[in-house]
Each structure stands twice: as structure tokens, then as C-alpha cells.
Amino acid sequence: MGEMSSFQLGVIGALFLSVASSVSIVICNKALMSNLGFPFATTLTSWHLMVTFCTLHAAQRFNLFENKSIDIKTVMLFGILNGVSIGFLNLSLGFNSIGFYQMTKLAIIPFTVLLETVFLKKQFSQKIKLSLFLLLVGVGITSITDLQLNFVGTILSLLAIATTCVGQILTNTIQKRLNVSSTQLLYQSAPFQAAILFVSGPLVDQFLTNQNVFAYKYSPIVLAFIVLSCIISVSVNFSTFLVIGKTSPVTYQVLGHLKTCLVLAFGYTLLHDPFTDRNILGILIAIFGMGLYSYFCTQENKKKQADPLECQMKDKEDKPFLAHEKEGHEVKSSDKNSIV
């Protein structure tokens with residue numbers, strides 16, 4: 001019971017940190033890009049990852065966590081994949097309307113479910129699928145405004161969906177199969193993610209904005225917001241790996257849509273952004289779907305606990321926001337340190 005309670009508190013802490021840091025960085029970046037005119041999102045992300053790596057490196061030198069080596073091929077391909085997915089998401093936003101970009105983000109959940117069902121043999125009950133459907137409908141009602149299609153934008157969106165889903169599934173799989181923590185995986189992969197974005201970021205941003213990040217005139221307030229954004233990003237990156245490792249890629253995406261609803265609500269209450277009855281209806285439906293998702297997952301995990309033998313015979317399904325089941329430890333051989 002003590003270990004179970006400790007695990008549950010860890011999940012709650014990870015989810016809270018993820019929501020708080022993500023909402024904070026969205027607000028910070030919105031001020032930086034919309035109000036201060038700094039549009040270089042991909043380059044900024046590379047700086048986020050470099051600061052994250054430097055912070056973790058300092059923490060490791062002070063023995064705040066133990067570094068664990070991972071096969072260089074695995075961590076390199078994983079880091080490059082995650083970096084490429086960020087680039088594709090930004091290009092998708094640049095080539096598509098806001099509405100189609102929101103559809104791209106919504107498609108990540110069903111595509112993740114499909115990949116985990118086909119390749120990892122995970123099973124998702126009809127109740128889980130229904131709750132996810134309600135969530136997607138709610139977020140769609142809230143955020144989708146127009147659907148202007150174009151060939152290049154559609155291809156980029158499909159690539160963004162595929163790379164993001166595979167990257168998040170690998171984040172969960174690597175941590176469990178290689179028995180590494182979220183901190184250890186992030187520390188190993190951050191340099192490769194940062195490197196691919198540091199090289200491609202200025203090119204992507206110049207292509208999308210027709211501006212050169214190196215020719216931009218940096219005022220003190222812009223520099224202050226960039227520093228603040230990089231500091232917050234350490235928590236964002238760490239909590240992302242932590243949440244996916246402790247729960248699942250699908251649960252992380254569900255949490256992401258909760259953040260969207262919170263950002264919209266924050267913008268309305270404090271920043272007086274436009275808000276309609278449609279936004280309110282969509283948020284309520286989305287929150288209802290999230291509640292059902294967590295409830296159904298909790299009930300299914302309780303059934304598994306009640307029948308341990310059946311639990312061993314079946315693949316584990318998604319864990320809810322407040323999971324009541326401690327993650328089982330998989331058997332790993334000492335020389336099996338690569339999954340790619």
C-alpha cells in the first residue's frame with residue numbers, strides 16, 4: 001500500500017507539473033511572439049532543449065540523479081526523431097490554416113491508439129474509445145474554426161502526426177524496456193534533439209516568417225522573456241517525459257487537450273480574449289470526456305488488480321490521470337540496452 005500510494009502521488013505530481021509548466025510557457029511564448037514580435041518558434045525550441053540539457057548536466061554533476069548509459073544508436077535516433085517531429089509540427093502550422101492544424105493535433109490520439117493496437121498489441125475497450133471520442137469532439141468544437149486544405153500542408157501534417165506518435169510511444173517504451181528514468185532518457189536525448197533543431201530551426205523559421213533570427217534586434221524585454229521561456233521549458237520537457245513514462249502516450253495527449261482548455265479559459269478570464277457559447281460548450285464536452293476516460297481506466301485497472309492472473313495474460317491498457325496501479329517491473333537482461 002505504501003508503494004502504491006507513493007506511485008500515485010508521483011503520478012499526481014507529474015501531471016500537476018506538466019499542466020502548470022505547459023500553461024505557463026504558452027502564456028510566456030504568446031507574449032513573446034504575439035506582443036513582442038519574436039516569431040522564431042523552432043529556433044526557440046532548440047534553445048529550450050539546450051538549456052534543459054545544461055540544467056540536467058549540472059544536476060548530474062551534483063549527483064542529483066544517476067546517469068545511465070543507453071545504446072548510442074537508440075538515443076540518437078530517438079532524439080533526432082523528436083527533433084524532426086517538432087519541425088514538422090511547426091511547418092504544418094506554417095502551411096495550413098489554424099483549424100487544420102488543430103485537426104492535426106487532434107488526430108494524434110486516434111493514430112497513437114491505432115499504432116499501439118497494431119504494433120504493441122494493446123487493447124482499448126469501447127468505453128475508453130467512447131471517452132476519447134467525446135474528448136476529441138469537445139476540443140474540436142472549441143478550437144477548430146476553418147479547414148482549408150492544400151497538398152503540401154496535408155503531407156506535412158501527416159508526417160507531423162506520424163513522427164509525434166512514434167516519438168511519444170518510444171518515450172514510454174524505452175523507459176520501461178531499458179529501465180531508465182524520465183530524467184536519464186531526457187538527459188541522454190536532449191543534445192540530439194537540440195542539435196537537429198539548432199541546425200534546422202533558423203532555416204525553418206526564415207522559410208515561414210521571411211525573417212532571419214540572427215538579424216533580429218533583441219531588446220532587453222525580449223531577451224528577458226526568452227530567458228524566462230527557457231527556464232520554464234526545463235519543467236515542460238522534464239514533465240513530458242515523466243508523464244509519458246508513468247502513464248502512456250494516449251494519456252499524455254488527453255492531458256495536452258486539458259491544457260488547451262485551461263489556456264483558453266485563462267485567456268478569457270484574465271486576458272479577455274474572445275469567447276463564445278461554442279467555446280464553452282466544447283470545453284464542457286472535452287472535460288466530460290476526460291472525466292470518463294479517467295473513470296473508465298480506473299475501473300479497468302481495479303478489475304485487473306482483482307484478478308492478477310488475468311492481468312498477466314493481457315496487455316496493460318492506458319492508465320488514467322490518477323492511476324491506482326503501480327507500474328509493473330519488466331524483466332530485462334543486463335546486455336539488452338537497445339530497442340532500435
Quiz item: Taking the six-membered ring for Trp, are the ring centroids of Tyr187 and Phe65 within less than 6.0 Å of each other?
Solution: yes

Practice problem: Could I get the full list of side-chain hydrogen bond (donor to acceptor under 3.5 Å, both in side chains) partners for Gln206, not counting sequence neighbours? | Solution: none

Exercise. Tell me, please, which residues at least two apart from Ser182 pass side chain to side chain contact (heavy atoms under 4.5 Å, CB included).
Key: Gln175, Phe238, Phe241, Leu242

Exercise. Using the test side-chain hydrogen bond (donor to acceptor under 3.5 Å, both in side chains), find all partners of Ser92 that sit at least two apart in sequence or belong to another chain.
Key: Asn96, Ser157

Exercise. Measure centre to centre between the rings of Tyr216 and Phe214, then say whether the value is under 6.0 Å.
Key: no

Practice problem: Could you tell me whether the side chain of Asn172 and the main chain of Pro249 form a donor-acceptor pair under 3.5 Å? | Solution: no

Quiz item: Taking only residues at least two apart or on different chains, which pairs with a member in residues 158-177 satisfy ring pair (Phe, Tyr, Trp, His ring centres under 6.0 Å)?
Solution: none

Quiz prompt | By side-chain hydrogen bond (donor to acceptor under 3.5 Å, both in side chains) - contacts of Ser181 (at least two apart) | solution = Gln184

Exercise. Considering only Ile, Leu, Val, Met, Phe, Trp and Tyr, and joining two whenever side-chain heavy atoms are under 4.5 Å apart, list the other residues clustered with Leu158.
Key: none

Quiz item: Sequence neighbours excluded, which residues qualify as side chain to side chain contact (heavy atoms under 4.5 Å, CB included) partners of Ile155?
Solution: Phe151, Leu159

Practice problem: Applying side-chain hydrogen bond (donor to acceptor under 3.5 Å, both in side chains), name anything that partners Asn67, two or more places apart in sequence or on another chain. | Solution: Gln188

Quiz item: In the hydrophobic clustering that connects Ile, Leu, Val, Met, Phe, Trp and Tyr at side-chain heavy-atom distances below 4.5 Å, which members other than Phe133 occupy its cluster, ordered by chain and number?
Solution: Val137, Ile141, Leu281, Ile285

Exercise. Show your reasoning for whether side-chain hydrogen bond (donor to acceptor under 3.5 Å, both in side chains) applies to Thr251 and Tyr293.
Key: CA-CA 9 Å; Thr251 296; Tyr293 174 79; 2.6 Å; yes

Side-chain donor-acceptor contacts of residues 33-42 below 3.5 Å, not counting sequence neighbours, with atom names and distances?
unit_1 : atom_1 : unit_2 : atom_2 : d
Ser34  : OG     : Lys30  : O      : 3.3
Thr42  : OG1    : Asn90  : ND2    : 2.7
Thr42  : OG1    : Asp205 : OD1    : 3.3

Self-check item: Donor on one side chain, acceptor on other, Gln123 and Thr117, under 3.5 Å
Solution: no

Quiz item: Linking Ile, Leu, Val, Met, Phe, Trp and Tyr by side-chain heavy atoms under 4.5 Å, what else ends up with Leu64?
Solution: Phe62

Quiz item: Considering residues at least two apart in sequence or located in another chain, which fulfil the side chain to side chain contact (heavy atoms under 4.5 Å, CB included) criterion with Val236?
Solution: Ser21, Ser22, Ile25, Ile232, Thr240

Practice problem: Taking atom CZ of Phe198 as the centre, report whether more than 12 heavy atoms of other residues, nucleotides or ligands fall under 6.0 Å from it. | Solution: no

